[in-house]
Amino acid sequence: MTATLPISHVGFSTSPHKGDLAHLEASIAEIVDLGADVVELGLFGEDLIAGGRVIEGRARRLAEICAKFDIRYTVHGLIVSNFMDEAHLAYQKAAVHAMIELCDRIGADALVHHSGHAPIGSRPLLTHYDRIERAALAEMTVVAARHGIRIALENIFAVDNSEYRQLPSEVAATVHSVGSPHLVGLIDFSHAYIEATRTGADFFREIKAFAPIAGHLHVHDSFGRPYTMSKFYHTSEAIALGIGDLHLPLGWGDLPFEALFDEIEVLPGTALIMEIGERFSAERAESLERARALAARINGRHAVAAA
């Protein structure tokens, strides 16, 4: 059965457009027409929450749109979400609570949540940030459990040496510490590649440490180059130089996806989401084919082992 496969669904994320729900509907339709199995809704940019409360009229419109399509949904929460943000933690938790409610209303089974960040400091201070994040995550998993939602904790990269970010192996430790079936890891391969380059960490080792508790994947290509330069006049210039988190079609960068997928195992029912936006609509079909081939590398091993 599909539900027992490690990677059960492959699809794309939507890109918010000035809170325009008509554009969101068109984005979903384009992904469905490609033959994808899942759509990750970028609800962080759709003006659905105000001050930690769901905006009822827009939420109803969102539910009407989602009901038009026979496809699995996941949701990407706020980009700014940060459970290490002690000063704004009450606001942060209220917004995540509202996102979980939105997931329930549209039948989405996973909410993507960014792992935290804070100013770099002494080890006791960093441990303090970790404790704050873990306590908030534990609280939110109780809410997620009531709605049948899994929170997927995503590894991110630091933009400079003044910022504290956890490596993928450390995000895995956070997930283990909370110890809830409603909290899983989310591997963003490009984020891990950039952070490994920045810190000198072993990229493969970090991914392999994170994978066993991963229930969600973000797949898009890059060259793993940190933001040593951040001023570009056009996105095409960053792509030309290969700098940053580029969200490229598969094969445009140099991420060793085949080698990675030959070695990792993930949790059953994992969704593989390509965060490859409409800028690359012409390349999406080819990326979908490649992504399904990657999923087959893991699923094939699972089938052999189960035989």
Side-chain angles (χ1 to χ4, degrees), residues 13-14 16 38-46 48-49 52 54 73-86 88-106 108-118 129-158 163-192 195 210-211 213-220 245 266-267 269-273 275:
S13 61
T14 64
V38 57
V39 176
E40 184 151 292
L41 303 171
L43 299 190
F44 51 84
E46 300 294 359
L48 291 157
I49 299 169
V54 172
Y73 292 108
T74 63
V75 167
H76 197 309
L78 303 184
I79 304 295
V80 75
S81 282
N82 177 15
F83 281 171
M84 293 184 187
D85 178 12
E86 195 167 12
H88 304 102
L89 192 56
Y91 304 160
Q92 295 276 3
K93 290 192 290 187
V96 172
H97 193 297
M99 277 288 178
I100 291 171
E101 184 179 335
L102 286 171
C103 287
D104 190 25
R105 293 190 188 197
I106 62 174
D109 58 10
L111 172 65
V112 172
H113 179 81
H114 282 186
S115 57
H117 64 92
Y129 295 143
D130 290 344
R131 288 187 184 128
I132 293 170
E133 179 179 51
R134 292 176 182 188
L137 286 167
E139 183 179 335
M140 288 299 106
T141 59
V142 175
V143 179
R146 291 201 296 266
H147 294 277
I149 307 297
R150 291 203 300 191
I151 297 171
L153 188 62
E154 180 176 2
N155 63 289
I156 315 292
F157 54 88
E163 184 177 71
Y164 170 55
R165 287 282 192 182
Q166 293 179 333
L167 287 164
S169 59
E170 295 168 329
V171 178
T174 293
V175 174
H176 279 300
S177 175
V178 174
S180 168
H182 293 278
L183 179 67
V184 298
L186 189 167
I187 302 175
D188 188 302
F189 294 91
S190 175
H191 292 175
E195 189 67 352
F210 198 15
I213 51 85
H216 209 86
L217 304 176
H218 279 173
V219 174
H220 45 95
D245 190 31
V266 296
L267 295 173
T270 291
L272 187 161
I273 304 295
E275 291 187 310

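Side chains included, hydrogens not; waters and symmetry mates left out as well; all remaining heavy atoms used.
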Going from [atom1] on [X] to [atom2] on [Y], what distance comes out if it is rounded to the nearest 0.5 angstrom?
X	Y	atom1	atom2	value
I213	L186	CD1	CG	9.5 Å
E101	I49	CD	CD1	8.5 Å
S177	E133	OG	CD	10.0 Å
F210	D188	CZ	CG	9.5 Å
M140	L183	CE	CG	12.0 Å
H220	D245	NE2	CG	5.0 Å

Could you report the tightest heavy-atom contact between [X] and [Y], atom names first, then the distance?
X	Y	value
L111	C103	CB-SG, 4.0 Å
M99	L43	CE-O, 3.6 Å
E195	A158	OE1-N, 3.0 Å
T270	G215	OG1-CA, 3.3 Å
G52	A98	O-CB, 3.7 Å
Y164	D130	OH-OD1, 2.8 Å

So, S13 versus E275: side-chain donor-acceptor pair below 3.5 Å or not?
no
Side chains of S115 and N155 only: does a donor on one sit below 3.5 Å from an acceptor on the other?
no
Are side-chain heavy atoms of [X] and [Y] found at a separation under 4.5 Å?
X	Y	answer
R146	I100	no
L41	I106	yes
I187	P168	no
I273	V112	no
D109	T74	yes
R150	H216	no
V143	H182	no
L89	F83	yes

ring-ring contact (aromatic ring centres under 6.0 Å, His included) partners of H76, counting only residues at least two apart
F44, H114, H218
Kindly determine whether L102 and L48 satisfy side-chain contact (heavy atoms from CB on, under 4.5 Å), including the steps that lead there.
CA-CA 9 Å; L102 286 171; L48 291 157; 3.8 Å; yes
Is any NZ, NE, NH1 or NH2 atom of the basic residue among K93 and E139 found under 4.0 Å from an Asp or Glu carboxylate oxygen of the other?
yes
